[in-house]
Amino acid sequence: MKKLLALLFMVGLYVALVVPLGDHLRERPLNVKLGYTPDARLLKLVAGGQQTILAESMTLKVIFYFGTVIEHWIQQEFVQPEYFNMFKTIEAAAILDPYNMDTYYFAQAAFTWELGRAKDVNRLLEHGMKYRDWDESLPFYAGFNSAYFLQDYDSAAKYMQKAAEVSGNSMYTNLAARFFYEAGDSRMGVAFLETMIRQAKNPQVKRLYEMRRDVLLAVQTLETGVADFAERFGKQPTELEQLVVRGLIAELPLDPYGGQFFLDDKGRVRTTSKFTEKLAVEPDKGE
Amino acid sequence: MTSDSNCAVESSGLIEITGLSKTYRSKKLALVEALKNLDLLIGKGEVFGFLGPNGAGKSTTIKILTGQIRQTAGSAQLAGQTVSDYRCRRDLGYLPENPVFYDYLTATEYLAFVGRAFGMSDSVIRQRAGEVLGLLDLQHAAKRPMRGFSKGMVQRLGLAQTLIHDPQVFIFDEPMSGLDPVGRALVKQLIKDLKRQGKTVFFSTHITADVEEICDRVGVIVQGQLRAVDKVSDIVIGDTDNYRLHVRHGDGSVIEEIVSRNMLKQKVVNAWADQGALEKVVPVGRNLEDYFLDIVNNVNK
Amino acid sequence: MNGFWVVLIAALRGFLRDRVLHALLGFALLLLVLAPVFSLFSMRQVQELSTTVALSAISLTLLVLAVMLGGFSVWRDVERRYTASVLGLPIPRSSYLLGKFAAVAVVLMSTSIFLGFVSLVSVHIAASFYPPDRSLDLMNFMAAIAACSLKYILLSAFALLFSSLSTSFFLPVFGSLAVYLAGGATQEVVEYVTGPSAQSLSNSLITTVKGLYYLLPNFAAFDLSFQAIYGIPLSVEGLLLTFGYFLVYTSLLLLLACYCLARREFP
């Protein structure tokens, strides 16, 4: 009887402790959750034949971590992701297991748009192409990044050519042509995102792509409105509200990231949501 | 160490077993009755031999007595305390069957381990360890790890560790196994010495000669059931019907003759009358071995 | 109480004389000595990398120790029938088990203190090759090692529980390894399934995961390596919660193990 009471007491104590502990851990800073990944060359040395599973777990860890970041974004709460650690981890995973498509797919999904690391991602994709030489999606991503983010149309054409060769599909050469034509246009972004949304299996990644597409579509609507306004009234609008007042658009679209759209002093469509300042709504030209 | 439960014990036995049974399931899930309704009372100062063929239930009984397995039914007490309580072993010296000890320890370290478990002080342990190692002829191996011990040495150390705290009750499971003739003689002498000191010894064996030589009483267990409990002297002497006479005659020849109890006196007188020398008169009884085999054979019929 | 100390001392003697243990400690020392060399792989974060290598080496060593000592110490006694001679002494089984546990805990603790000291020297040497912007936070480093050893002491209690249940070494060794892997993942998994991204999962799965989360140990609480590597401030509340959690969880495991061992038969 005494023993049973002692046991019940301990169990009660356990319950009393485990709940606040769980809450405490849930509230851990995001960077603690991601942890620190040592250099891949060192990891390879000590992985002892388990590189593949190690790489996969590292990639999953980053995807998981980024998922929590996206949750915050969806809730209109800006958090700065641990870019350095995330990219280092993904890079290490790609070195440990250069064949793992998850790694490249995630790098393309996460690092290009909001984080603006297209150059780094292309370096990673180049690394992957050496191994996944049958896979057209890597040069396809790289081609898109070169054209859309980096405005490096020569490289973009080369990548698309490669994608066409690997896949035997002329669609990519057509895409290359379209990249030249629509250079810097948000329509190109929308087209790419639509492709990625169709391919996406992970619901979170899909959600991310949809958010981006929605922003781009909203920007497209507004840009068309601004152009119509200029054409009709012979001057640029100073406020986006003017488009609604004049009946050019029904209402101002919402920024999925929680900001407000506005016109900057150069007459370009911008948003107040903090991190979409980095979002490539309109790629910087003239670099 | 002196017993604090001696007084409680005088009235009953030091080892008291009532209706003890043990049933377990074999690997094929069949019920096996290892021990059936065992009653046994062993008093102070008694040397009791627990005799039975292999697999008869001797070890099962001893394992219940030393708290390693639990009985299915019945009760067992050591020095008035139920065997499921570890405190009943405070006045017990126990030697397991084919014992093994932490072989990374030296003989002295192991004895200290046992002594401390019995709450002895280090100085007493040191003194007693020297004594018991001497008693079992192990002084030369005192500082050696037991890893290098021969089987006989381990067995002797096993006996030494039952002695260190000078308990009142001893339980030995097959104490002679693995010993050479010198070792056996040593153990027999040891048990006789314990008896002289008024200790209680309960040991199992399947060798009748050992029982015959050193036990007061013997219990025979066959197929889990106690078949007989008798005084050894009754078995060996009580059944003596005949005598073997060795008579040396004048021409130097020796004649052996078996004579009945009734005829003994007449024959002795005759031998004297014939100028012969009466060399030996040996009582010929049923010995313990016959007694034991009779019981086993009866059960098997 | 007497039996506890007797078993503790005898078990410690056994561990100290175990050759496999010597070899393992030698290997850990080698890793730590090599940590400064490994850390030269990193151009920018020499101190961080050497701290990581040191903490990983300690963690790995303690894992092997916890599983080996916790899984084998009682199992071997049963398997080689040492229990016949030891449990025939007036030692209650609970004292025997707790003595064994305490011996494992003492070895884990002293190993982590010893290796922790060596790794401090090792990290210091590594940092001298390429002086870091910020020197090592000693408190965090020690806290990380202490938390790590608590984690493995808890794991060894699992191994002991399993060996008080099972006659083969399979359950104690592989069971505690499984607990180790699962315990390291529960926090992340439960955060995933309770997050909005897992709405498509079935309710019964979520309930199962939550049940396992509260049943299995949560080793994420004991992982302070990031705080040690980057000198991020520790939360006192978190440390206290973790320590209390360790005490209660380990006590529960030991209670359960004592209960199982008391019921065990040694034929």
Side-chain angles (χ1 to χ4, degrees), chain B residues 1 22 24 26 32 34 59-60 62-72 78 81 83-106 109-110 112-120 145-147 154 157-158 161-162 164-165 167 171-173, chain C residues 1-22 68-69 72-100 102-104 107 164 167-168 258-267:
Chain B
M1 188 168 153
K22 175 69 188 174
Y24 62 89
S26 73
V32 179
S59 277
T60 303
I62 287 180
K63 279 173 182 159
I64 293 175
L65 281 176
T66 51
Q68 296 174 74
I69 57 180
R70 262 185 320 279
Q71 65 267 37
T72 321
L78 272 187
Q81 276 177 310
V83 291
S84 59
D85 187 341
Y86 76 94
R87 281 169 293 197
C88 78
R89 295 192 287 277
R90 278 182 181 163
D91 210 8
L92 170 71
Y94 164 54
L95 172 74
E97 184 181 9
N98 300 324
V100 278
F101 305 105
Y102 289 137
D103 59 5
Y104 52 82
L105 296 177
T106 67
E109 282 167 349
Y110 193 77
F113 166 71
V114 173
R116 287 198 200 104
F118 282 101
M120 296 164 69
M146 289 188 283
R147 192 172 290 130
V154 173
L157 183 93
Q161 57 93 34
T162 66
I164 184 150
H165 55 296
I171 294 179
F172 299 148
D173 201 348
Chain C
M1 216 49 208
N2 188 32
F4 168 81
W5 290 109
V6 173
V7 174
L8 167 62
I9 291 164
L12 276 180
R13 276 218 167 100
F15 293 155
L16 286 179
R17 291 174 192 179
D18 193 334
R19 298 250 168 79
V20 183
L21 218 70
H22 299 166
M68 210 175 76
L69 301 185
F72 284 155
S73 70
V74 169
W75 172 79
R76 185 164 29 203
D77 277 19
V78 178
E79 178 69 16
R80 295 203 185 157
R81 295 192 312 106
Y82 291 141
T83 41
S85 48
V86 174
L87 296 180
L89 300 171
I91 296 174
R93 289 189 185 180
S94 53
S95 298
Y96 166 78
L97 188 93
L98 295 177
K100 286 281 185 188
V104 177
V107 171
S164 66
T167 45
S168 90
C258 285
Y259 177 80
C260 294
L261 194 71
R263 249 124 242 278
R264 181 90 176 260
E265 304 221 320
F266 296 99

- Item | Under 4.5 Å from a heavy atom of chain B, the part of C:Phe15 involved |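 Neither part, no heavy atoms under 4.5 Å.
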
Considering residues at least two apart in sequence or located in another chain, which fulfil the salt bridge (charged side-chain N to carboxylate O under 4.0 Å, His left out) criterion with [X]?
X: C:Arg264; result: none
X: B:Lys22; result: C:Glu265
X: B:Asp85; result: B:Arg87

I need the [X] [atom1] to [Y] [atom2] distance, nearest 0.5 Å.
X: C:Arg93; Y: B:Tyr86; atom1: CZ; atom2: OH; result: 14.0 Å
X: B:His165; Y: C:Leu89; atom1: NE2; atom2: CG; result: 8.0 Å
X: B:Tyr102; Y: C:Arg76; atom1: OH; atom2: CZ; result: 10.0 Å

Would the distance check show the side chain of [X] and the main-chain N or O of [Y] forming a donor-acceptor pair, the cut-off being under 3.5 Å?
X: B:Thr66; Y: C:Gly88; result: no
X: C:Asn2; Y: B:Phe118; result: no
X: C:Arg17; Y: B:Tyr104; result: yes
X: B:Arg89; Y: C:Leu87; result: yes

- Query: For B:Tyr24, is it the side chain, the backbone, both, or neither that has a heavy atom closer than 4.5 Å to a heavy atom of chain C?
  - Reply: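 Contact with chain C: none, neither part.
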
- Is chain C contacted by the side chain of B:Asp173, its backbone, both, or neither, given a heavy-atom distance below 4.5 Å?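 For B:Asp173, no heavy atom lies under 4.5 Å from chain C.
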
- Inter-chain contacts: residues 77-84 of chain C against chain B, heavy atoms under 4.5 Å: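 Interface residues of residues 77-84 of chain C: C:Asp77, C:Arg80, C:Arg81, C:Tyr82, C:Ala84.
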
- Message: Shorter than 4.5 Å, heavy atoms on both sides: which option in B:Pro99, B:Pro145, B:Ala117, B:Ser59 has the most such pairs with chain C?
- Response: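 Most heavy-atom pairs within the cutoff with chain C belong to B:Ala117.
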
- Query: In terms of heavy-atom pairs under 4.5 Å, which option from B:Lys63, B:Arg70, B:Gln161 contacts chain C the most?
  - Reply: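 Answer, by heavy-atom pair count under 4.5 Å with chain C: B:Arg70.
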
- Query: Does a side-chain heavy-atom distance below 4.5 Å link B:Pro96 with C:Ser85?
  - Reply: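 The answer is yes, as the side chains (C-beta and beyond) meet within the 4.5 Å cut-off.
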
